[in-house]
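Computed from a predicted model, the values in this text were never measured in an experiment.
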Amino acid sequence: MTAKDPAAGTGAARLGPWPLLRNRACLQWYAGAQLTRLPIAMAPLAFTALTAAVTGSYTTGAAMVSAIMIAEVVCAVPVGRLLDRFGIARPLRVLLVFCGAAYLGLLAAALGDLPPVVLIATAVLVGALGGGLLGGLRALLTTVVGESLLARAVAVNAMLVEGVIVGGPLLVALLTQISATTPILIMAVASAAAALFVPGGRAGAGTGRAGPAGALVKPLFGWAFGVFALGHLLSTIEVAALPLADRYGGGTGLASILVATLCAAAIGGGAVYSLRDRRASVVLAVVLLLVLAGGGLTVTLAPSLPVMLVGAAAAGLCTAPFSAVSSVAAESRVPPTRRAEGFALLNTAQGLGFGVGASTLSVLPLSAVGLLGCASALLAALVIATTQAREPDTPGTPETPC
């Protein structure tokens, strides 16, 4: 059964994102997606603040962050396969509630003065439960908005994601003024509350079976490489913001301006992209990656602070549009019965890219870190141009309406 396209025959292509704002199910999806992402954005600072307050050391908190990230990467695709097999919406709600309970369990373990290994094991459980959540939610989006609004819906979501990424740590900083445990409580509440916003109806009814585990690797390889490069390049700016600012005699204030410039440009790029209906064009994806590489190169080799900020803005402007293009294009290469697994694979690739960029900062000179990020974007542009040019550019047809 094909989803009824809410934009069909309404002139939605000329109305920018406004049809999305009038779609109650879409607003519900946005709320659920951001509530799901909020604990992920809060976790690094929240965990280190909690363990510092309880044990007097940041070491355990850092280990917990690493553990949750590794567990998410390892479990994202298997969880996605399970969601596709048993139906996406209901299992998502269960997983979100379990994630909230796991955060509470982690807090209880910390307050109970249990050994660090228990805290790390609980963090692994949180990561394992949450690894496939975002992929599952993305798999439901087409059934909510229809094909005509999909690219714009993804672009608007990318804008909201930037706000959550910036707002999560700021929220932790504010909540720790109350107590070190308050951020964890809010993370548990946000995760459980997200379950209330998972779209219902017949979305993601489940197939009862799953295809071969490696069958999605070939059709998604180019786009997975693209989002890997996006995460890699962005991490060389965001994670390296402080050492980049130090080159011009700045400190945390200037580093904050650099990150704010990147995020504000990303929000602006998403807003512009969402104004019109666009196909998932391979040419556009390649152009965006080239501009991203140019922006990253400018940040890396900038002779002055204003030039560095211009480079960050150029990279940021392409972030949301490339996320939208890659997401819609990838969907056209994934069977409707395996979307949760496919998007889990893309999320894993982007997370690995971000992790690679962050890890190289500790072992390589700052300029080399930036140049590697740029090279990653250029290579991704080449891979997409050579592997995806002959593939179809229209998204797959969703099976059922929300």
Side-chain angles (χ1 to χ4, degrees), residues 40-49 52 58 61-62 65-66 69 158-159 161-177 183 229-270 289 291-320 322-323 350-351 353-378:
I40 300 172
M42 294 174 64
L45 185 56
F47 287 171
T48 52
Y58 294 101
V65 173
S66 298
M69 291 177 63
M159 296 165 54
V161 166
E162 292 297 329
V164 172
I165 291 174
V166 174
L170 292 177
L171 182 59
V172 173
L174 291 174
L175 293 175
T176 51
Q177 301 303 312
L230 179 65
H232 186 187
L233 180 59
L234 292 180
S235 70
T236 64
I237 300 175
E238 294 180 2
V239 179
L242 187 56
L244 285 169
D246 285 342
R247 294 192 312 189
Y248 305 101
T252 55
L254 182 55
S256 299
I257 292 174
L258 176 60
V259 174
T261 299
L262 181 71
C263 293
I267 293 172
L289 283 169
V291 177
L292 275 162
L297 187 65
T298 302
V299 171
T300 301
L301 304 178
S304 65
L305 174 60
V307 175
M308 181 178 71
L309 294 179
V310 168
L317 283 171
C318 299
T319 300
F322 182 76
S323 295
Q350 185 165 354
F354 201 92
V356 167
S359 62
T360 55
L361 187 63
S362 61
V363 296
L364 294 175
L366 183 60
S367 58
V369 171
L371 291 175
L372 276 178
C374 298
S376 184
L378 292 173

Between side-chain atoms of residues 360-376 and protein atoms elsewhere (two or more places apart, or another chain), which donor-acceptor pairs fall under 3.5 Å?
residue	atom	partner	partner atom	Å
Thr360	OG1	Val356	O	3.2
Thr360	OG1	Gly357	O	2.8
Ser362	OG	Ser359	O	2.7
Ser376	OG	His232	ND1	3.4

Would you list the atom pairs, donor with acceptor, under 3.5 Å between side chains in residues 238-247 and any protein atom, with sequence neighbours excluded?
residue	atom	partner	partner atom	Å
Arg247	NH1	Thr300	O	2.7
Arg247	NH2	Val299	O	2.8

I'd like a table of donor-acceptor pairs (distance under 3.5 Å, sequence neighbours excluded) in which one partner is a side-chain atom from residues 312-319, with atom names and distances.
residue	atom	partner	partner atom	Å
Thr319	OG1	Ala315	O	3.2
Thr319	OG1	Gly316	O	3.4

Can you give the donor-acceptor pairs under 3.5 Å from side chains of residues 248-262 to other protein atoms, not counting sequence neighbours?
residue	atom	partner	partner atom	Å
Tyr248	OH	Ala302	O	2.7
Ser256	OG	Thr252	O	2.8
Thr261	OG1	Ile257	O	2.8

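Contact between Ala320 and Ala266 at its shortest, heavy atoms only, is CB-O, 3.6 Å. What you find for Ser235 and Gly353 is that their closest heavy atoms are OG-O, 4.0 Å. Nearest approach of Ala293 to Leu233, heavy atoms of both residues: N-CD2, 4.0 Å.
Here the side chains of Thr176 and Pro183 are in contact, with some heavy-atom distance below 4.5 Å. The shortest side-chain heavy-atom distance between Met308 and Thr298 does not fall under the 4.5 Å cut-off.
Applying the side chain to side chain donor-acceptor pair (under 3.5 Å) test to residues at least two apart or on different chains, none of the pairs has a partner in residues 162-174.
Listed by chain and number, the residues in a side-chain contact (heavy atoms from CB on, under 4.5 Å) with Gln350 are Val227, Leu230 (sequence neighbours excluded). Applying the side-chain contact (heavy atoms from CB on, under 4.5 Å) rule to Met69 yields the partners Val65; only residues at least two apart in sequence or on another chain are considered.
The distance from atom CZ of Phe322 to atom CG of Leu289, rounded to the nearest 0.5 Å, is 4.0 Å. A distance of 12.5 Å separates CG in Leu297 from CG in Leu292, rounded to the nearest 0.5 Å.
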